[in-house]
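Here is the structure we will look at, set down as structure tokens.
Note: hydrogens, waters and symmetry copies are ignored here, and every other heavy atom, side chains too, is used. A, B, ... follow the sequence lines: proteins, then strands. Residue 1 opens every chain. Just so you know, these numbers come straight off a predicted model, no measurement behind them.
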Number of protein chains: 2
Amino acid sequence: MSKIKETSTNFANKAALSDECPEVYTANLIGGQWALVICSWLMQGKLRFGELRKLLPNITERMLTLQLRRLEANHIVKRTVYAEVPPRVEYELTPIGYDLKPVIKELEKWGEKHKSL
Amino acid sequence: MSKIKETSTNFANKAALSDECPEVYTANLIGGQWALVICSWLMQGKLRFGELRKLLPNITERMLTLQLRRLEANHIVKRTVYAEVPPRVEYELTPIGYDLKPVIKELEKWGEKHKSL
DNA sequence: TGCGGTACTATAAGAAATGTAAGTAATGTC
DNA sequence: GACATTACTTACATTTCTTATAGTACCGCA
């Protein structure tokens, strides 16, 4: 996750597909390494940065930050900062974020079925 | 798409998540740049290599091959080679591949809703 | 003999995602 | 004044994904 190069063929291809296919659009939004798990956890309610970090034992702080920022930029999660010391930041799904529930459910269902083959 | 390094932290993380979360497992299987679109097209019936290539104007033959092979390895598509000259190869979803239909539908629905925000 | 068509393969290079390690601010407590 | 706490940020390294380009085998046909 760094700046993307808006002149690359890769970028253009992704954009074109995203544009034409809503399913690819969605996949691109929730397709990071950790985005889906984060959303899954947040389905159950708001969580602090540190709580998320503990729930995802192997994630680095950098990745967690990046993914959360991306989700925030896409209006999937809401970030609330409390002006305290030490700082407290809470993450929560937005309404459209919660709407991912059936999506995740289907992914889950299929995954379980496929795994058992 | 090349060999993955099975000693990398990245690999370990992906494997662990895939293992624990069926939704991540699914996302990893259909999450390539082109996999989802390929599946979408194949939902409508079997297609030849060349037909797929024409349907996905910007894909390189290499990527198409790689993605198809990956989908094949995961039993999502079936590959049928006809011993003719010039060669003819047909790709078709397997039953579990067709089962992706509701998944794709949900991804699509959410994508459309989210896009219109 | 040379060309066209199909479905590839090989190799290299470029881009993007992820990981590693270290450091920051602010403040209350010891 | 040193230290712990929390949620980051920064710089850099590594890994993975995608693209680019050039080939290959096969056979029928001209």
Inset, instruction - Calculate the interatomic distance between B/M63 atom CE and C/dG14 atom P; express it in whole Å. - result: 18 Å

Inset, instruction - Take B/R79 and B/V81 through the test side-chain contact (heavy atoms from CB on, under 4.5 Å) and record every step on the way to the result. - result: CA-CA 7 Å; B/R79 179 164 176 268; B/V81 184; 3.9 Å; yes

Inset, instruction - Would you kindly give the CG-to-C1' distance between B/L64 and D/dC17, to the nearest whole Å? - result: 16 Å

Legend entry - Side-chain donor/acceptor contact of B/R62 with base of C/dT9 under 3.5 Å: no

Inset, instruction - Check whether any side-chain heavy atom of A/L47 sits under 4.5 Å from a side-chain heavy atom of A/W41, and report yes or no. - result: yes

Legend entry - Atom-pair distance (CZ on A/R70; P on C/dA16), nearest Å: 13 Å

Inset, instruction - Please say whether more than 12 non-hydrogen atoms of neighbouring residues, nucleotides or ligands are located less than 6.0 Å from NZ in A/K115. - result: yes

Legend entry - Closest-nucleotide ordering on DNA chain C, the 5'-leading residue of B/Y91 and A/G32: B/Y91

Inset, instruction - Write down the distance between CD (B/Q67) and C1' (C/dA7), rounded to a whole number of angstrom. - result: 17 Å

Inset, instruction - Check whether any side-chain N or O of B/T9 sits under 4.0 Å from OP1 or OP2 of D/dT14, and answer yes or no. - result: no

Inset, instruction - Report yes if a side-chain nitrogen or oxygen of B/R69 is closer than 4.0 Å to either non-bridging phosphate oxygen (OP1 or OP2) of C/dT9; otherwise report no. - result: yes

Legend entry - Salt-bridge present (B/K109, B/E106; N to O < 4.0 Å): yes

Inset, instruction - Would you please confirm or rule out a distance under 4.0 Å between OP1 or OP2 of C/dG14 and any side-chain N or O of A/N10? - result: no

Inset, instruction - May I ask you to evaluate whether A/R48 reaches the phosphate of D/dA7, defined as a side-chain N or O under 4.0 Å from OP1 or OP2? - result: yes

Legend entry - Per A/F49 side chain, nearest of listed nucleotides D/dA7, C/dG19, D/dT16: D/dA7

Inset, instruction - Determine, step by step, whether B/M43 and B/I104 satisfy the side-chain contact (heavy atoms from CB on, under 4.5 Å) criterion, reporting the C-alpha distance in whole Å, the side-chain angles of both residues, the deciding distance to 0.1 Å, and the verdict. - result: CA-CA 10 Å; B/M43 276 295 156; B/I104 295 179; 4.1 Å; yes

Inset, instruction - Round to a whole Å and report the spacing from CG of A/L56 to P of D/dA7. - result: 14 Å

Inset, instruction - Nearest whole angstrom, please: distance from the C1' of C/dT6 to the CD of B/E51. - result: 12 Å

Legend entry - Whole-Å gap separating P (C/dA16) and CZ (A/F11): 8 Å

Inset, instruction - Using only side-chain N and O atoms of B/K14, determine if any of them is under 4.0 Å from OP1 or OP2 of D/dC17. - result: yes

Legend entry - Closest listed nucleotide, where the reference is the side chain of A/T65 and the choices are C/dA15, D/dT9, D/dT6: D/dT9

Inset, instruction - Whole angstrom is fine here: how far is it from CD in A/Q33 over to P in C/dG19? - result: 5 Å

Inset, instruction - Would you mind telling me which of D/dC26, D/dT19, D/dT6 lies closest to the side-chain atoms of B/V85? - result: D/dC26

